[in-house]
2 protein chains.
Amino acid sequence: MNKLTLVKIGGNLINHADQLDTFLTDFALLPEPKILVHGGGNKASALSHQLGIKPQLVDGRRITFSADLDIVTMVYAGLINKQIVALLQAKGCNAMGLSGADANLITSVKRREQAINYGFVGDVKEVNTESIQHLLQRDISPVFCAITHDGAGQLLNTNADTVAAEIAVAMSHYYELSLIYCFEKKGVLKEVDNPDSLIEQINKKDFQQLKSDKIIADGMLPKMDNCFYALEKGVKKVIIGGAQVVGNQSSQHTEISLK
Amino acid sequence: MNKLTLVKIGGNLINHADQLDTFLTDFALLPEPKILVHGGGNKASALSHQLGIKPQLVDGRRITFSADLDIVTMVYAGLINKQIVALLQAKGCNAMGLSGADANLITSVKRREQAINYGFVGDVKEVNTESIQHLLQRDISPVFCAITHDGAGQLLNTNADTVAAEIAVAMSHYYELSLIYCFEKKGVLKEVDNPDSLIEQINKKDFQQLKSDKIIADGMLPKMDNCFYALEKGVKKVIIGGAQVVGNQSSQHTEISLK
């Protein structure tokens, strides 16, 4: 099986032009086929404020009404996606920016109204692995924003960590998959503000303990759920690390494993 | 030679959801390979105003400084592009939304500062016909916004009529090409507000006359220049018409010809 690396970068990394540039240089140099998934939450919230719309987030998930959907579509699929693609092209990586609507690559289902009405938020239904493979075979590196569609004309805002996990799982039928979550910290920390408190390995049992000890909490919980979901569904390796981990895999990071 | 239809739709058509929907239904039904290029000027100007930035246009060309470039990238490559793609997907057309940066499809050169400094505005240098052909061969219909890149990391705002003409010319080496400019009028009119004054045929000689008589003026002049450029460089057929011309080619329109 050929190797495929899927890297997800978060909003805080995207906000720092110099860190983003260093990361993209390393990403462009990866020798094997690669896919990038990006978030961009902060920039969307900034535009919301500029337009006088108060962004609403519940457990880090954005309530997405019609005006919010326009904003995330502009910021994720437009501004951030195309800026990243242009930078990667300049670094010799043949990047192609995509949403889930493009070539029907990722369909999702609008989340049902329950206790919270999330609005135009989608949960991934299907990843079109055949079309993604065609791009990879032509040495194109897909760069996904986390906008998907329902196949009936509606765009849907989707969690970027989940999009990354779902693409990784779907592609793991054809490739030996490494999934790397890059963010502003070195990995999972015991004390959130102490970079020396890195946890280098977390298996499922550790996770239960860390969760009940409230060491892993808040936004890190769904990220960890995505990591274990990916591993259980066929992804070979899952890492949470800082931007530098893509260029230097021996640098400190957290490796997630089932056992 | 196989046929290829390239349709360009303008901002006024995009602004009317019902007209856009009818147009996209017709576009999706075109039996031959097809490419869509869209503008979206009005929506970009509306967002500029909302953000307190006054859009500046000279002869219909947008002066594009850094903040303006962010706005057009958000509106063209994000909002309009992905909304069109999602609608086409719902109509059974396997659309893929693209900027010129994606897979390095269209490179351009930043326009030199002359009497007017247009800012981050690009003139098309090269169209990557091989990659576009690969998409068409997989029954994918590319949907281009008019954002291109210089290959060195800079996105550039490019005139959508010109992008359409340049793609048409480049692809005419491999396909028998029809280029259709769709806008809010039935075609070129003798009297701008009289829909019954349609001119059904315009050749190069007619154009000179219409120009010196000031019947064709303003924004229609560069559009006509694009039409003749395309015909001179190998495009087989060029039409200017309303949204309905794609679905019903026998409906009234203006056909542009060299002789």
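In what follows, chains are A, B, ... by sequence order, proteins preceding strands, each numbered from 1.
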Verdict with reasoning, Met74(B) to Leu47(A), per side-chain contact (heavy atoms from CB on, under 4.5 Å): CA-CA 11 Å; Met74(B) 290 196 286; Leu47(A) 182 62; 3.8 Å; yes
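The choice from Asp70(A), Asn81(A), Asp150(A) that makes the most heavy-atom pairs within less than 4.5 Å of chain B is Asp70(A). Considering only heavy-atom pairs separated by less than 4.5 Å from chain A, the leading option among Leu79(B), Val75(B), Thr73(B) is Leu79(B). Heavy-atom pairs under 4.5 Å with chain A peak, among Gln154(B), Arg138(B), Met96(B), at Arg138(B). Ranked by non-hydrogen atom pairs under 4.5 Å with chain B, the options Gln83(A), His149(A), Gln89(A) are led by Gln89(A). With respect to chain A, the highest number of heavy-atom pairs below 4.5 Å among Ser131(B), Gly52(B), Cys145(B) belongs to Ser131(B).
Checking each of Leu98(B), Val85(B), Asn94(B) against Asp102(A) for a side chain to side chain contact (heavy atoms under 4.5 Å, CB included) leaves exactly one that passes, namely Val85(B).
Heavy atoms of other residues, nucleotides or ligands lying less than 6.0 angstrom from NZ of Lys91(A) number more than 12. The environment of Lys110(A) atom NZ is dense: over 12 non-hydrogen atoms of other residues, nucleotides or ligands sit within 6.0 angstrom.
Residue Ile71(B): no heavy atom, backbone or side chain, is found under 4.5 Å from chain A. Both the backbone and the side chain of Ala103(B) come within contact range of chain A, each with at least one heavy atom under 4.5 Å from a heavy atom of that chain. Residue Ser141(A) does not touch chain B at all, counting heavy-atom pairs closer than 4.5 Å.
Contact record, Ala152(B) with Ala90(A): C-CB, 3.4 Å, taken as the closest heavy-atom pair.
Contacts of residues 119-129 of chain A with chain B at a heavy-atom distance below 4.5 Å are absent; not one residue qualifies.
For the atom pair CD (Gln50(A)) and CD1 (Ile53(B)), the distance works out to 7.5 Å, reported to the nearest 0.5 Å. Taken from CG in Leu155(B) to CG in Leu87(A), the straight-line distance is 8.0 Å, to the nearest 0.5 Å.
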